[in-house]
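A quick write-up on the structure given underneath.
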Protein chains: 2
Amino acid sequence: MRRITISDVAEHAGVSKSTVSQYLNKRYDYMGKKTKERIEHAVKELGYSPNIIARSLKQKSTMTIGVIVANILHVFSTQVIRAIEDFCNEKDFHVIICNADDDPEKEKRYIEMLQSKQVDGIIAFPTGGNVELYKALIEVQFPVVFMDRIIPWIEIDTVILDNEKASFLAVEEFLRKGYREIGMLSPPLRENVTSRMERINGFKKALDNKQITFNQNYLMVGEINNIQVVMKEMLEQDNPPDALLALNDRVLHEVLAFTKKHRMRLPEDLAVIGIDEVSYANIYSPALTTIQQPAFDMGKKAAELLLNRITNKENCMDPKIYRFEPKLNSRESC
Amino acid sequence: MRRITISDVAEHAGVSKSTVSQYLNKRYDYMGKKTKERIEHAVKELGYSPNIIARSLKQKSTMTIGVIVANILHVFSTQVIRAIEDFCNEKDFHVIICNADDDPEKEKRYIEMLQSKQVDGIIAFPTGGNVELYKALIEVQFPVVFMDRIIPWIEIDTVILDNEKASFLAVEEFLRKGYREIGMLSPPLRENVTSRMERINGFKKALDNKQITFNQNYLMVGEINNIQVVMKEMLEQDNPPDALLALNDRVLHEVLAFTKKHRMRLPEDLAVIGIDEVSYANIYSPALTTIQQPAFDMGKKAAELLLNRITNKENCMDPKIYRFEPKLNSRESC
DNA sequence: CTGAAAGCGCTTACAG
DNA sequence: CTGAAAGCGCTTACAG
């Protein structure tokens, strides 16, 4: 299987490679009509398609970006990716997806791999474990956009939910429905996973804002696979909360596993709100009240920012943080 | 930002480009120890990383494969992709993901794009709408593996669920639990979406096998966004089924929306089984009985087959269909 | 043991 | 209006 090259086309059409190249790049300005037709014909007849690799080498641009997510199995990542792809597709950019699994080592390997592949830019859910690398990228003005996480001292365009607002919305909804003893359940606060910290801060601030004193025992943290134990503790204390905010979709899953196991009725025995929309929110009984991230808008914005940086190199705008508004889906679990 | 090239390294180390290249490719056989160290040092000092694009051009291999899924938002696709990535990552292959959205035009563009990018092979959920293209790929011995769908007359390695068996397992489970009036709900049977056809055939065969006469009115088809209407019809007939098999996860979702809306109790009012595992199966009330596809195993197999074809060109083994066994997750909805 | 040279398939500045 | 030539950053067969 020998691939057809530009030389074959040139020979077949009886012109030079240069001219064929001009044709392929639609620089018809000075091209004779006859020449153009002959090339057109040759291309068709030979079924020629250009070797982008060769072009990239010469042009030093691959029209490809890399996307490093924590885990493609997470719904949020999946939606962000989909939005990025759709946007890039329109602009004739291609996308390479990588799973860093929140492992700085893997992230580093992927960033290096993507650079070796000469991608024009990267969108990443940064692990936060490669500060030196991030700095090096900024240093050489390599286009990068971060998603979902803010890395302190690193100035890079970042697209992120207004996480405090998400907690605010939840607290307000609880209060509106008459719940005042509000608890919150969170996975461990790893450094750099901005969203968790912010959601917890937002929770505290919202209570404060509503003149409710924050109760230490109403905020508990645990590994996902252990969080049902933690939840049990929370609910077995003397004056347990009557409402519970699940910090993310995975926590919500465990909360529901727990309430199912213990035959608790929602919202009578416990009102529940989850941050992150889940696919089964509407069909669950009761339908689940959630706070939704505009994942598609966020993905699109990230792609837009990145492609802007790639195409307007001159325009070295200062990096900013772009906050997106969460949305309350008020249903039956609260 | 001028990138460091092999020439810079050569100069810095005081050797030729050839030698540096040998070093990078770990062909140390005849290399002097001193030379090796000097290069090692230069590479580090300059922070050199090779330009894979240039290498690919020369070697005519990009160590990259393309994956064309119908929709990355579908859980099954997501899991297959993850398995493919993990496998490829181990073998130092990279993956480019594309969403064809079951649109033959898009599929065609993506296949051409991937070939322009000189990928070494493609794994696709074929739309079935580009038979000529598929044939052309086989013709030039371009490595391809299909997932989930069998395209008639096209001989290509295909990884697919034993869909008939999936229906068999469901029917058996219904019978075991004492349900004999078994209905099935399906999305429209588009040509080429093999799995739907097979699941329906399996359903009929299973009934036949159990000496139950198949009732036309117990098998209904409808667009997803209209399937609740169809379901209503099914359940309002004179002698409605007491058990229902949902052909896939999206049908199941609608079935559950319906039973929730009409306050039906599962399994008392209607026993339900869904083909495809869903994330909420265990936390739903009742927990949902499902038939699960081994998505990760299937993705891994597809990757394995493709990389084998890529690396053992000589070994032109006949394309086969690889069937995977579905698994019954017996829970409470049946 | 190491290096000069050719070549992968394009693009582009320049000459005519 | 078209073409010869150089070059993108590598690899590799071959010479020494």
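Labels below follow one simple rule: chain letters A, B, ... track the order of the sequence lines, proteins then strands, and each chain is numbered from 1.
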When you measure from the side chain of B:Ile6, which nucleotide among D:dT11, D:dG3, C:dG9 comes out closest?
D:dT11
Closest to the side chain of B:Ser18, out of D:dT11, D:dG9, C:dA4, is C:dA4
Run the side chain to side chain donor-acceptor pair (under 3.5 Å) check on B:Asn89 and A:Tyr110 step by step: do they pass?
CA-CA 10 Å; B:Asn89 209 24; A:Tyr110 275 126; 3.0 Å; yes
Check this for me: B:Glu11, atom CD, are more than 12 non-hydrogen atoms of other residues, nucleotides or ligands nearer than 6.0 Å?
no
Taking the side chain of A:Arg55 as heavy atoms from C-beta outward, which of D:dG3, C:dC8, C:dT11 is closest to it?
C:dT11
Whole Å only: how far is the CD atom of B:Gln59 from the P atom of D:dC10?
12 Å
Taking C:dC10, C:dG3, D:dT11 as options, the one with an atom nearest any side-chain atom of B:Ser16 is C:dG3
Give the rounded distance in Å between these two atoms: CE of A:Met63 and P of C:dC10.
17 Å
May I ask you to evaluate whether B:Gln22 reaches the phosphate of C:dC1, defined as a side-chain N or O under 4.0 Å from OP1 or OP2?
no
Within the 4.0 Å heavy-atom criterion, would you say B:Lys17 contacts the bases, only the backbone, or no part of the nucleic acid?
base
Under 4.0 Å, heavy atom to any atom of DNA chain C: which of residues 41-50 of chain B qualify?
none
Could you check whether any side-chain heavy atom of A:Ile160 comes within less than 4.5 Å of a side-chain heavy atom of A:Phe324, counting everything from C-beta outward?
no
Please walk me through it: do B:Ser21 and B:Ser18 pass side chain to side chain donor-acceptor pair (under 3.5 Å)?
CA-CA 5 Å; B:Ser21 178; B:Ser18 318; over 6 Å; no
With a 4.0 Å cutoff (strictly under), does any side-chain N or O of B:Asn51 reach OP1 or OP2 of D:dC8?
no
Heavy-atom nearest nucleotide on DNA chain C taken for B:Lys34 and for B:Lys60; more 5' hit belongs to B:Lys34
Symbol by symbol from the 5' end, with Watson-Crick or G-U pairs under 3.5 Å, [ ] crossing and | another strand, DNA chain D is |||.||||||||.|||
What about B:Phe87 and B:Phe93, are their ring centers closer than 6.0 Å?
no
Once you round it to whole Å, what is the distance between P of D:dG9 and CG of B:Asp8?
9 Å
Just to confirm, is there a sub-4.0 Å distance from OP1 or OP2 of D:dT11 to any side-chain nitrogen or oxygen of B:Ser21?
yes
Measure across A:Ala295 and A:Gln79 and return the closest heavy-atom pair with its distance rounded to 0.1 Å.
CB-OE1, 3.3 Å
Verdict with reasoning, B:Ile65 to B:Cys88, per side chain to side chain contact (heavy atoms under 4.5 Å, CB included):
CA-CA 9 Å; B:Ile65 66 167; B:Cys88 286; 3.6 Å; yes
Any residue meeting side chain to side chain donor-acceptor pair (under 3.5 Å) with A:Thr194, in chain and number order, not counting sequence neighbours:
none
I want to verify a distance call: between D:dC8, D:dG3, D:dC10, whose nearest atom is closest to the B:Ala54 side chain?
D:dC10
Within a 6.0 Å radius of atom CD on B:Gln118, are there more than 12 heavy atoms belonging to other residues, nucleotides or ligands?
yes
Of the nucleotides C:dG3, D:dT2, C:dT12, which has the atom closest to the A:Thr35 side chain?
D:dT2
